Protein chains: 2
Amino acid sequence: MLSFTEENYLKALVQLTIFEDGKDEVGVNKLASCLTVKPATVSDMVRKLKAKSLVNYEKYGKISLTAVGKKSGMMVIRRHRLWETFLQEKLDFSWDEVHELAEELEHIHSQKLINRLDQFLDFPAFDPHGDAIPNVDGEIVIPFRKTLSEAKKGDVVKIVAVKDNSSEFLQYVDKIGLVIQDEMTIKEKEEFDSLITIKIKGKQHVVSPRFTDNIFVVCAKCLKAKDCTCKH
Amino acid sequence: MLSFTEENYLKALVQLTIFEDGKDEVGVNKLASCLTVKPATVSDMVRKLKAKSLVNYEKYGKISLTAVGKKSGMMVIRRHRLWETFLQEKLDFSWDEVHELAEELEHIHSQKLINRLDQFLDFPAFDPHGDAIPNVDGEIVIPFRKTLSEAKKGDVVKIVAVKDNSSEFLQYVDKIGLVIQDEMTIKEKEEFDSLITIKIKGKQHVVSPRFTDNIFVVCAKCLKAKDCTCKH
DNA sequence: TCAATTAGTTAGATAAGGCTAACTTTTATA
DNA sequence: TATAAAAGTTAGCCTTATCTAACTAATTGA
Ligand SMILES: [Mn+2]
Ligand SMILES: [Mn+2]
Ligand SMILES: [Mn+2]
Ligand SMILES: [Mn+2]
């Protein structure tokens, strides 16, 4: 049985080496800053995780997950996202409140409990932030998507997820009136300072990279992000 | 914020000094065996709890809860019993499965979460084992009741709760076909070995103190246990 | 290519929660 | 009331997860 701490390390590793595209390994410093502990602490812990065959690692090398480590980390994320969904759907919490509560609930281990919860929620595919929920085997299909920063002037895009789960960010998204599945048009894009003017439900907003880097979108016409065949 | 361990100490103290009638303090050894740790461990921890003003205690003396300690302990029990109710009502767990899961869930701290859960369950008064659920202020009314062992030959009683929450015990209760709120008649009572013959739903069963000590009942006629005015 | 910077490791400390073994206080009982 | 048994405490040790400070290895770039 894994401890809270070990589970948090594995979860962070999934986020850094699987969800972050183009990377399948990570260094001690980056993992440390992700977990807000010191590199020395990670150095120690990674040795323990290696001893349990949860990570691949050699002194002064990079860290990556083994198959077992990946599955364990995925299960933590499955639990996190299912609890977030429960809190929003059944207990009427807003999407900016659920993450913090799920940080505790994700460490309740029972497989049976989480599978019953999944069933109770009618097997949701996405959590309140638009993130895909890993299945009972810890498998996940990460849909194609790009950040709003990558969209071009004139694009019509649909928001599918948010990257930042902090309540400050989500409350700002609420303030703008943006909801998952909403469509928006990129009216202006200022290369100089990267400010973008978007139009949502008839209203225009000027937003900064702090916002656009944390919004995931797909093309509203073909619903794809990459390999979009639309003419724009 | 209290740790898991501190919460478990306070919960155990509520059970030993408030729910167990006739006692408002407990010794180190009894608390230790209740928590399945060694007396030395309790000795240390009780000093820490006293430093936090959660218990009253003097070296070589008995342990009792302060008002703050009692409320904290009650809140743990509130969370435990509400989660048990959720697991049974919403996730279809049987009453012999819920206790173990609630042992983990009871340590999720958010007041808002537990109050929302309470509302979602429509403010249940009792948990799956017939135990009263403390209210939002940690207050509880423990209803009058006696153990089945205390019933006399000829009594007609109604089961209101079980004392033992272990799955072995609860599965035995299931096997006999007994459900909370069921009525039964005491047909025979053998003083020699304390075996009792009960009749439930037309069927007779011979049961031992291991069973009767762990079943709480009230008189089926007046619904009281103590001060029963019925003529039997 | 070598010095500076960045990344990573090690040693030693701390705090929580637990243990055993030895000791002390309290209580029960002959 | 003396003494044995029961109850409780203390000292010293362990493990997990963290830290700081000092050290070493790897990378970068002039
Ligand atoms: Mn989250
Ligand atoms: Mn989420
Ligand atoms: Mn229980
Ligand atoms: Mn219960």
Side-chain angles (χ1 to χ4, degrees), chain A residues 1-13 16-17 20 22-65 69 72-73 76 103-104 106-109, chain B residues 1-13 16-17 20 22-65 69 72-73 76 103-104 106-109:
Chain A
M1 181 120 309
L2 300 173
S3 68
F4 270 43
T5 305
E6 290 169 324
E7 288 192 334
N8 284 335
Y9 274 77
L10 296 179
K11 185 178 59 153
L13 283 167
L16 294 170
T17 68
E20 202 115 313
K23 288 165 193 173
D24 64 344
E25 50 177 35
V26 71
V28 166
N29 277 282
K30 192 151 179 215
L31 180 53
S33 80
C34 177
L35 290 161
T36 54
V37 295
K38 301 294 168 184
T41 309
V42 169
S43 235
D44 269 358
M45 180 57 88
V46 166
R47 244 187 300 110
K48 290 175 205 155
L49 295 175
K50 184 193 158 85
K52 291 188 173 187
S53 300
L54 296 163
V55 301
N56 305 118
Y57 171 70
E58 295 304 331
K59 213 161 102 169
Y60 291 107
K62 297 288 178 185
I63 309 151
S64 66
L65 287 163
S72 295
V76 180
E103 288 292 312
E104 286 191 65
E106 72 190 7
H107 301 291
I108 307 289
H109 290 99
Chain B
M1 180 121 310
L2 299 172
S3 68
F4 270 43
T5 306
E6 290 169 323
E7 289 191 334
N8 284 334
Y9 275 76
L10 296 178
K11 184 177 60 156
L13 283 167
L16 294 171
T17 68
E20 202 116 310
K23 286 165 193 174
D24 63 345
E25 50 177 34
V26 71
V28 166
N29 277 281
K30 191 151 181 215
L31 180 53
S33 81
C34 177
L35 289 161
T36 55
V37 296
K38 302 295 168 184
T41 308
V42 169
S43 237
D44 269 359
M45 180 57 89
V46 167
R47 241 186 303 109
K48 290 176 204 156
L49 294 174
K50 184 194 158 85
K52 292 188 173 188
S53 301
L54 296 163
V55 300
N56 306 118
Y57 170 71
E58 295 304 330
K59 212 160 102 167
Y60 292 106
K62 296 290 177 183
I63 308 152
S64 67
L65 287 163
S72 295
V76 180
E103 288 292 312
E104 287 192 63
E106 72 190 7
H107 301 292
I108 306 290
H109 290 100

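Keep in mind it's a predicted model, so treat the numbers as computed, not measured. Just so you know, these numbers use all the heavy atoms, side chains as well, and skip hydrogens, waters and symmetry mates. By convention in this document, chain letters (A, B, ...) are assigned in the order of the sequence lines, proteins followed by strands, and residues within each chain are numbered from 1.
- For D44(B), the listed nucleotide lying nearest its side chain is dC19(C); candidates were dC19(C), dT25(C), dA26(D).
- When the side-chain nitrogen and oxygen atoms of N29(A) are compared with OP1 and OP2 of dG8(C), one or more of them lie within a distance under 4.0 Å.
- Counting all heavy atoms, side chain and backbone alike, P39(B) lies closest to V28(B) at O-CG1, 3.5 Å.
- Closest contact between the side chain of K62(B) and the listed nucleotides dG8(D), dG17(C), dA17(D) involves dG8(D).
- Between S3(B) and dA16(C), a side-chain N or O to OP1/OP2 separation shorter than 4.0 Å is absent.
- Annotation: proximity of residues 36-43 of chain A to DNA chain D (heavy atom, distance under 4.0 Å) is found for V37(A), K38(A), A40(A), T41(A), numbered in ascending order.
- Residue K11(B) is tested with H107(B), E103(B), E6(B) for a side-chain hydrogen bond (donor to acceptor under 3.5 Å, both in side chains); the sole match is E103(B).
- The backbone N or O of K30(A) lies less than 3.5 Å from a partner atom in the side chain of S33(A), making a donor-acceptor pair.
- Shown are V55(B), L54(B), V37(B); of these, the side chain to side chain contact (heavy atoms under 4.5 Å, CB included) with Y9(B) is made only by V37(B).
- At dT18(D), one or more side-chain N or O atoms of Y9(A) fall inside 4.0 Å of OP1 or OP2 (strictly under the cut-off).
- Residue K48(B) places no side-chain N or O under 4.0 Å from the OP1 or OP2 atom of dA15(C).
- By the neighbour-count criterion of 12 heavy atoms within 6.0 Å, atom NZ of K50(A) is densely surrounded, having more than that number from other residues, nucleotides or ligands.
- In summary, the side chains of S64(A) and D24(A) do not present any donor paired with an acceptor at a separation below 3.5 Å, with no hydrogens or angles considered.
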